[in-house]
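Everything quoted here is computed from the prediction, not taken from an experiment.
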There are 2 protein chains.
Amino acid sequence: MLEARVKQAVVLKKLLDAIKELVSDGNLDCTEEGISLQAMDNSHIALVALKLEASEFDEYRCDRNMPLGVNLASLTKILKCAKDTDVVTLKASDDADALNLIFESPKEDRVGEYEMKLMDIDQEHLGIPDTQYDATVSMSSAEFARICRDLAVLGESVKIECSKEGVTFSADGEVGKGSVLLRQNAGQDRSRVKDEDEVDEDEKLDIKPKTKREARRDPDEDDEDGQRSDVDVKPDIEGEDELQDEEEQEEGEERPKKRKAGGKKDKANKRAKKEDVEEPGVSIILERQVSLTFSLKYLTNFAKSAPLAREVTLHMSNDVPLLVQFEFEQGTLQFFLAPKIADE
Amino acid sequence: MLEARVKQAVVLKKLLDAIKELVSDGNLDCTEEGISLQAMDNSHIALVALKLEASEFDEYRCDRNMPLGVNLASLTKILKCAKDTDVVTLKASDDADALNLIFESPKEDRVGEYEMKLMDIDQEHLGIPDTQYDATVSMSSAEFARICRDLAVLGESVKIECSKEGVTFSADGEVGKGSVLLRQNAGQDRSRVKDEDEVDEDEKLDIKPKTKREARRDPDEDDEDGQRSDVDVKPDIEGEDELQDEEEQEEGEERPKKRKAGGKKDKANKRAKKEDVEEPGVSIILERQVSLTFSLKYLTNFAKSAPLAREVTLHMSNDVPLLVQFEFEQGTLQFFLAPKIADE
DNA sequence: AATCAGGATT
DNA sequence: AATCCTGATT
């Protein structure tokens with residue numbers, strides 16, 4: 001038995017818009033922790049991993065793990081029947097061959113009940129390596145989308161170079177070539193480009209990811225968050241909690257930073273209400289310079305998630321798949337893409 | 001000789017948009033009363049009946065009855081040459097083989113004169129039975145359009161069920177199934193769901209239908225309304241006037257309603273100006289529960305009239321054609337559609 | 001019918 | 001910036 005309530009249908013709509021062009025079918029894996037979906041894209045090149053946290057649902061109940069095989073095009077169609085502000089309740093009985101979706105207007109004078117047929121999908125379970133990334137770039141998701149769109153005009157690939165200077169996206173082709181340099185400008189104490197020692201410290205402390213994670217969730221869940229991001233879409237909760245505690249105990253100096261992060265959360269909330277104009281700054285955590293080339297086709301697809309989150313984080317190490325991560329109120333959406341090998 | 005002036009071309013444009021996909025050609029029947037058009041749709045399944053009231057034209061003159069056979073695609077093309085705010089004057093001489101359209105900008109600094117060739121159309125004259133409907137649902141036309149569009153994703157037919165609970169639209173197909181329940185919420189004294197006795201009372205008093213009719217026309221015309229809708233598009237003018245007078249004399253109590261109607265009209269005008277956000281509530285008058293199935297293809301076509309009127313009224317009786325009625329400032333647009341026989 | 005692009009609107 | 005509405009296109 002699954003019963004999950006989302007306050008605003010628009011979140012699910014944006015999610016589906018974000019992934020439906022990459023993945024046609026997938027299992028919504030429903031567990032006590034929440035709902036996750038993990039799938040290779042249709043051409044089996046990119047990996048999409050979505051996690052919706054149980055705690056972030058308006059109401060959540062899942063008695064036992066159940067994979068709900070959904071056709072994302074069908075789900076998109078049905079979600080189109082909801083108004084953006086509708087309250088959505090997802091329901092599935094334990095042996096269901098259908099997912100029930102209930103759309104209720106805020107005034108409760110309109111109730112839509114939809115039933116979507118489910119399918120059996122062989123879950124190729126994908127282990128995502130727990131990578132320590134050499135470079136982590138946080139930036140405005142809208143800016144990321146813009147850059148991908150812009151450079152896609154010029155060529156099929158983009159080279160992303162991350163150094164102390166900032167991050168550079170460059171592409172070239174028939175028409176000509178172009179590059180966009182983003183300097184760090186987060187307007188924070190860590191906004192300047194760090195030198196190696198400082199970087200190491202930041203990496204060790206894992207400040208930056210935490211800041212982002214904390215932006216929308218309890219600090220105590222940071223590491224669960226981290227695992228979700230870096231290890232597996234279906235992590236073991238107990239193990240994570242332990243890891244979390246360890247880290248917190250090991251590094252007492254994290255606490256002040258955590259509070260700082262808390263401050264950021266408030267700021268982010270305020271922004272969401274009245275400062276939408278203010279774009280998130282660019283911040284870079286660099287352990288090692290990276291230079292990687294990716295298919296713009298995929299990146300532009302990933303960038304379609306921009307409406308979900310103001311900020312996107314690019315995690316990169318040389319010769320390792322890129323992780324593009326969007327954290328939004330209800331969870332996390334990740335995309336993985338292997339770099340092109342040569343500068344083709 | 002016909003000469004009719006409409007203040008805003010946009011009304012005619014919306015009208016044409018509303019019916020041009022259903023009907024390709026038709027006679028504009030011009031009489032002293034106004035201009036009406038009645039036609040089966042191209043597949044001879046649905047019936048479209050339009051009436052533009054002489055009194056609602058800015059200026060109206062029609063010396064003798066004349067059917068102007070128009071190709072609606074042509075008329076649409078020509079109306080596209082008018083700006084929405086242009087004043088439109090329709091002119092036709094008695095033996096005309098063409099309709100003249102004059103588009104004048106409000107500032108009168110621009111005059112467009114167009115002439116559209118007319119055609120001879122054998123008017124298959126259609127008697128519309130004067131049905132007493134078991135259920136009458138008034139609702140936001142935009143919502144009606146939305147529901148039809150939404151359910152059209154799922155299947156070809158929609159079942160409309162009207163009960164004390166409210167009205168339910170449901171459809172199913174390959175992807176799954178869906179239903180939308182609208183509860184009564186008119187926010188009026190009659191907004192709650194009535195039980196049988198109350199329903200009977202309301203029906204007897206005919207409160208609800210009058211309310212609706214009064215929204216845009218004089219109560220005295222209620223029965224003319226019925227005739228226009230239910231009997232003939234080309235009525236004998238003299239006869240009708242007599243009927244009107246008779247009724248006025250018969251039922252003195254209608255006069256106050258006339259005044260009331262005027263007030264309501266003003267209200268509607270105000271709404272158009274400042275209350276566009278406020279959707280009309282759902283109100284249901286139910287003599288008997290109904291459950292009917294209709295082709296969504298037709299209903300979605302009918303729903304294209306939504307820009308004409310904030311509200312739509314669905315009149316239903318079991319096994320009888322549905323009447324979908326839009327009342328707008330200048331007149332009434334009605335669509336009739338027979339139900340599907342089985343639950344196919 | 002459905003998707004996409006453009007323009008208007010808030 | 002995002003949504004809505006329209007027109008165009010496949």
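What separates CG of B/L154 from C1' of C/dA2 is a distance of 16 Å, to the nearest Å. Between B/D84 atom CG and C/dG7 atom C1' the separation is 14 Å, expressed in whole Å. Rounded to an integer number of Å, the gap from B/K14 NZ to D/dT6 P is 9 Å. We find that NZ of A/K304 is positioned 12 Å from C1' of C/dT3, with the value rounded to whole Å. To the nearest angstrom, P of D/dT6 lies 11 Å from NZ of B/K80. Between the CG atom of A/D17 and the P atom of C/dC4 there is a distance of 11 Å, rounded to whole Å. Atom C1' of nucleotide D/dG7 and atom CG of B/L16 are separated by 17 Å, given to the nearest angstrom. Rounding to whole angstrom units, CZ of residue A/R149 and P of D/dA1 are separated by 9 Å.
Partner of B/V70 under the side chain to side chain contact (heavy atoms under 4.5 Å, CB included) criterion, out of B/D25, B/L16, B/L28: B/L28 alone.
Using a 30° and 60° split on the angle between ring planes, A/F326 and A/F335 fall in the perpendicular class, above 60°.
Minimum heavy-atom separation, B/F294 to B/L337: CE2-O, 3.5 Å.
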* To do: Begin with the C-alpha distance, continue with both residues' side-chain angles, and end with the deciding distance and a verdict on side-chain contact (heavy atoms from CB on, under 4.5 Å) for B/L79 and B/T76.
  => CA-CA 5 Å; B/L79 282 171; B/T76 304; 5.8 Å; no

